[in-house]
Each structure stands twice: as structure tokens, then as C-alpha cells.
Amino acid sequence: TGLGDTTASMDADDADMERPTIDLYAILGLEKAATPDAIKKSYRKLALRWHPDKNQGNEEAQEKFKDISKAYTILSDPKKRTYYDQSGDVEDMDVSAEDFVATFQDMMSEMLGGISIAEMLDGLDTSDLKNMPPFPFPKELFPPGTFPEGMKFSTDFHMPPAVEELLEKGGPEALSAMFGAGGGMFDGSGSDDDDDSDEWEEEEEEEEKEEELPLRVSPPPPTPPTPPLHPPVPPPTLPTLPKLMPPPPPPPPPPPP
């Protein structure tokens with residue numbers, strides 16, 4: 001997979017992900033060049049007109065009041081207004097830096113199709129990089145050293161306010177630290193595929209060791225005694241004879257005369 005194919009795929013995905021933009025300036029009845037004071041003045045006027053307390057039971061008024069409040073919340077914040085002016089996006093306006101990094105890593109992993117950026121750029125020289133279209137994401141979103149010298153980057157991708165604030169306070173290093181475990185995606189040094197491969201190799205080695213061990217043959221169990229073919233016949237029992245009684249004694253002799 002070449003860089004041109006990958007960036008083309010990314011551009012196609014970006015087109016599929018495009019969402020209809022909301023004109024926050026039109027909601028407040030203003031032009032894009034409106035000053036902060038004009039934004040505040042218009043908001044107060046419209047909020048007073050469409051406030052739910054003055055329009056009880058009117059669902060349309062309640063929806064208008066929500067839109068007016070949302071428009072003012074974004075346009076009155078300089079960083080949020082800048083992000084909106086650049087991207088036209090309001091859905092990711094309040095996303096945290098942590099959630100943005102996690103989502104961005106998942107998106108990059110899917111777009112790269114299992115290879116790392118280092119593998120994608122392997123073999124390209126300065127001339128190749130010069131003729132390639134710009135990489136569709138800003139360099140600041142990647143750890144230092146991810147790209148070779150001469151790489152071009154798009155300026156059409158805009159980071160949410162929370163990420164911009166993180167970069168302002170901690171620099172690219174602060175953002176790179178958040179990528180942490182995703183580093184292998186960029187340099188090929190620690191992808192999930194490598195972890196799975198290592199685990200598979202360890203299991204295979206364990207199986208080979210088990211095959212090399214000598215088989216232990218257990219002694220057969222003792223053979224039970226063979227029963228006789230015919231059960232033993234008990235000896236015959238002789239009948240008991242009655243005991244003979246002794247003869248009675250002779251009568252006594254008669255007395256003498």
C-alpha cells in the first residue's frame with residue numbers, strides 16, 4: 001500500500017464523514033465578521049424574545065432558544081469560534097483531548113489497514129515525498145520522528161479546542177505522551193499484530209517442548225484373580241442320628257423271708 005493509495009482512501013473516508021454545517025451566525029442574525037459586542041447584543045435581544053418563560057407551551061420557541069444559546073456559547077468563546085470558523089463543525093466542539101486521541105488512533109489504525117506509517121513510507125526517497133500529495137493530518141498529531149524530512153502535511157484538518165489548548169500549554173510532547181501505547185502504529189515497533197504473533201510463537205514453542213519430552217508409561221493395573229468356572233460344591237451334610245438311651249437298671253431283688 002503506497003502513500004498515494006492511503007491518502008486517497010483517507011480523503012474518501014473524510015468525504016463520507018462530512019456532516020451538514022450549521023450557520024451559527026445566521027442563527028444570531030449576524031455576518032461572519034461580527035464583533036464580540038455585536039454577538040452579545042444580538043444574543044440578548046433574541047434570547048429575550050424567544051425565552052421559554054415568555055413562550056410557554058410553544059415548542060418552536062423552545063427549540064429556537066436552544067439554538068440561540070448554543071450559537072452564543074460557541075461564538076462568544078474565541079477558541080471555539082476559531083475552530084468553528086475553520087471547520088464549520090459543532091459536533092466535536094467540546095470533545096476532550098483524551099477522547100480525541102483515542103478516536104484518532106482508532107481511525108488511523110483502520111485507515112492504515114494493519115501496517116504502520118513507517119512501513120507505509122519505507123523505500124520512499126526525497127523525490128517521492130516531494131511528488132506525493134500532502135499527508136491529510138497535521139504533523140503535531142504524531143510523535144516526533146514519525147515522518148521523514150520533506151514530508152508535506154495538509155492544513156485542512158483542524159483540531160478541537162481542547163487539543164489546541166493542550167498543544168499551547170505542553171507542546172507536541174504533551175500530545176505525543178497521550179498517544180502512548182499507539183506508538184507502534186506509527187513506527188511499527190509495537191502493533192497489536194506483533195503482540196498476537198509473539199503470543200502464538202510462545203504457544204507453539206511450548207507445544208514443541210511437550211512433544212520432545214519422553215513418554216512416561218504407567219504400569220498396568222494389577223490383574224484381578226480369575227473366578228472359578230464352577231462355584232465350589234459344599235460337602236454333603238450327614239443326618240444327625242438320635243442318641244441311644246442306656247437300658248433301664250434291673251429290678252431290685254426281693255427281700256428275704
Review point. So, F142 versus F153, ring centres under 6.0 angstrom or not?
Key: no
Review point. Ring centres of F147 and F135 under 6.0 Å apart?
Key: yes
Review point. Do E168 and K79 sit within salt-bridge range, that is, some charged N less than 4.0 Å from a carboxylate O?
Key: yes
**Study point:** Main-chain N/O of N58 paired to N55 side chain as donor or acceptor, under 3.5 Å
**Key:** no
Review point. Is the backbone N or O of A118 less than 3.5 Å from a side-chain atom of D122, with the two atoms forming a donor-acceptor pair by type?
Key: no
So, taking the atom named [atom1] in [X] and the one named [atom2] in [Y], what distance separates them when rounded to the nearest 0.5 Å?
| X | Y | atom1 | atom2 | answer |
| --- | --- | --- | --- | --- |
| H158 | Y84 | NE2 | OH | 13.0 Å |
| K130 | L124 | NZ | CG | 15.5 Å |
| T126 | L129 | OG1 | CG | 6.5 Å |
| F104 | M159 | CZ | CE | 9.5 Å |
| L141 | M108 | CG | CE | 9.5 Å |

Practice item. Under the side chain to side chain contact (heavy atoms under 4.5 Å, CB included) rule, what do K169 and E165 come out as? Steps first, then yes or no, please. Key: CA-CA 6 Å; K169 292 181 177 180; E165 184 176 357; 2.9 Å; yes
With a sphere of 6.0 Å drawn around [atom1] of [X], does it hold more than 12 non-hydrogen atoms of other residues, nucleotides or ligands?
| X | atom1 | result |
| --- | --- | --- |
| K41 | NZ | no |
| K80 | NZ | yes |
| Q86 | CD | yes |

For residues 61-75, please give each side-chain donor-acceptor pair under 3.5 Å, one per line with the distance, not counting sequence neighbours.
unit_1, atom_1, unit_2, atom_2, d
S69, OG, F65, O, 3.0
T73, OG1, S69, O, 2.8

**Study point:** Residue pair D85, Y25: steps toward the side-chain hydrogen bond (donor to acceptor under 3.5 Å, both in side chains) verdict
**Key:** CA-CA 10 Å; D85 288 345; Y25 293 99; 2.8 Å; yes
Is the shortest side-chain heavy-atom distance between [X] and [Y] below 4.5 Å?
| X | Y | value |
| --- | --- | --- |
| I39 | R81 | yes |
| V163 | V101 | no |
| Y83 | M93 | yes |

Practice item. Could you check D106 against T103 for side-chain hydrogen bond (donor to acceptor under 3.5 Å, both in side chains), going step by step and ending with a plain yes or no? Key: CA-CA 5 Å; D106 292 341; T103 302; 5.8 Å; no
Revision key, fill the gap. Nearest heavy-atom contact between S154 and P134 is N-CB, 3.7 Å
Practice item. Specify the closest pair of heavy atoms between A97 and A162, including all atoms of both residues, with the distance to one decimal. Key: N-CB, 3.8 Å
Check your understanding: Under the side chain to side chain contact (heavy atoms under 4.5 Å, CB included) criterion, do L46 and I27 qualify, and how do the steps go?
Key -> CA-CA 9 Å; L46 293 172; I27 291 175; 5.9 Å; no
Study note, to complete from the structure: By side chain to side chain donor-acceptor pair (under 3.5 Å), D128 pairs with (sequence neighbours left out) none
Check your understanding: Looking at residues at least two apart in the chain, or sitting in another chain, which of them share a side-chain contact (heavy atoms from CB on, under 4.5 Å) with T35?
Key -> D37, A38
